[in-house]
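Okay, so here's the structure we're looking at.
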Amino acid sequence: MNGLRGAWRHYWVAIRAMIVLTIALGIVYPLVLTGVGQLAFPAQANGSLVSSDGKTVGSALIGQGFTDAKGNALAQWFQSRPSAAGDGYDGAASSGSNLGPNNPDLVKAIKERTAAVAKDDGIAVADVPVDAVTASGSGLDPHISPAYARDQVQRVADARGLPVAAVRKLVESKIQGRDLGYLGEPTVNVLQLNIALAKMDE
């Protein structure tokens, strides 16, 4: 009988510990972190959403395409780098192509993309930036290199009937420096650049 009571006491201690830890770590802790995030970093905690004219148009952390229904690049917009996430820029299917650098399909795709970018932007094939024809590891990168953004200036200006100098100045104003001044490379957020571009027509 005493052995049975001792066993039940151990079970009751374990059950109470489970209840306490579930409340503390499964409810209280997440609520505290959520509260701190909302108070200290509300924009980041809510997905770094980007708005234009009062409407949410995307996230500063997730790229998106600026193409027609058939996937053709729209000349009046700056283009993002390619995406291999789902059907493209799918936040629920983040991934790279998982193809090796010598994979025939990847090599073919890069050659086709390079030729298309060179033709659209009026530059030599050898001058096409790498990020213009390759997807990022996540397939969701919202940034392109300043070099790729600058290569698109002439096309965008012609398509919109804007002065090339004005569009070039806009690109330069949207270049983001290295994180903490030394991490990574300078980048341009394509969505934010295109929002600013649209306002030039107003």
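Along the sequence shown, residues carry numbers from 1.
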note = Sorted by chain and residue number, the salt bridge (Lys or Arg N to Asp or Glu O under 4.0 Å) partners of Arg178 (sequence neighbours excluded) come out as Glu185

note = side-chain hydrogen bond (donor to acceptor under 3.5 Å, both in side chains) pairs touching residues 56-67, sequence neighbours excluded, are none

ask   = Between atom CG of Asp105 and atom CD1 of Ile110, what is the distance when rounded to the nearest 0.5 Å?
value = 11.0 Å

inquiry  = List the residues meeting salt bridge (Lys or Arg N to Asp or Glu O under 4.0 Å) with Asp121, not counting sequence neighbours, and say none if there are none.
reply    = Arg155

inquiry  = Using only atom types and a distance under 3.5 Å, with no angle test, would you say the side chain of Ser83 pairs donor to acceptor with the backbone of Gly139?
reply    = yes

ask   = Between Val57 and Leu191, is any pair of side-chain heavy atoms under 4.5 Å apart?
value = yes

key: Check: Arg81 side chain, Thr134 main-chain N or O, donor-acceptor pair, under 3.5 Å   = yes

ask   = Cluster question for you: counting only ILVMFWY and a side-chain heavy-atom cut-off of under 4.5 Å, with indirect links fine, are Leu25 and Leu33 together?
value = no

Side chain Asp141, main chain Ser136, donor-acceptor under 3.5 Å = no

task = Compare all side-chain heavy atoms of Val167 with those of Phe78 and state whether any distance is below 4.5 angstrom.
result = yes

key: With sequence neighbours excluded, residues passing side chain to side chain donor-acceptor pair (under 3.5 Å) with Glu112   = none

note = Residues at least two apart in sequence or cross-chain that pass side chain to side chain donor-acceptor pair (under 3.5 Å) with Asp87, listed by chain then number, are none

query = Within a strict 4.5 Å, meaning less than it, do heavy atoms of the Gln176 and His143 side chains meet?
reply = yes

message = side chain to side chain contact (heavy atoms under 4.5 Å, CB included) for Val117 and Tyr148? Distances and angles first, verdict last.
response = CA-CA 10 Å; Val117 169; Tyr148 185 29; 4.1 Å; yes

query = Tell me, which pairs form a side-chain hydrogen bond (donor to acceptor under 3.5 Å, both in side chains) where one or both residues lie in residues 16-43, sequence neighbours left out?
reply = Gln38-Asn46

task = Examine distances only and state if a side-chain atom of Ser138 and a backbone atom of Ser94 form a donor-acceptor pair shorter than 3.5 Å.
result = no

message = Are Leu197 and Val188 linked, directly or through intermediate hydrophobic residues, by side-chain heavy-atom contacts shorter than 4.5 Å (ILVMFWY only)?
response = yes

task = For Gln79 and Gln152, work out which heavy atoms get closest and say how close.
result = N-OE1, 2.6 Å

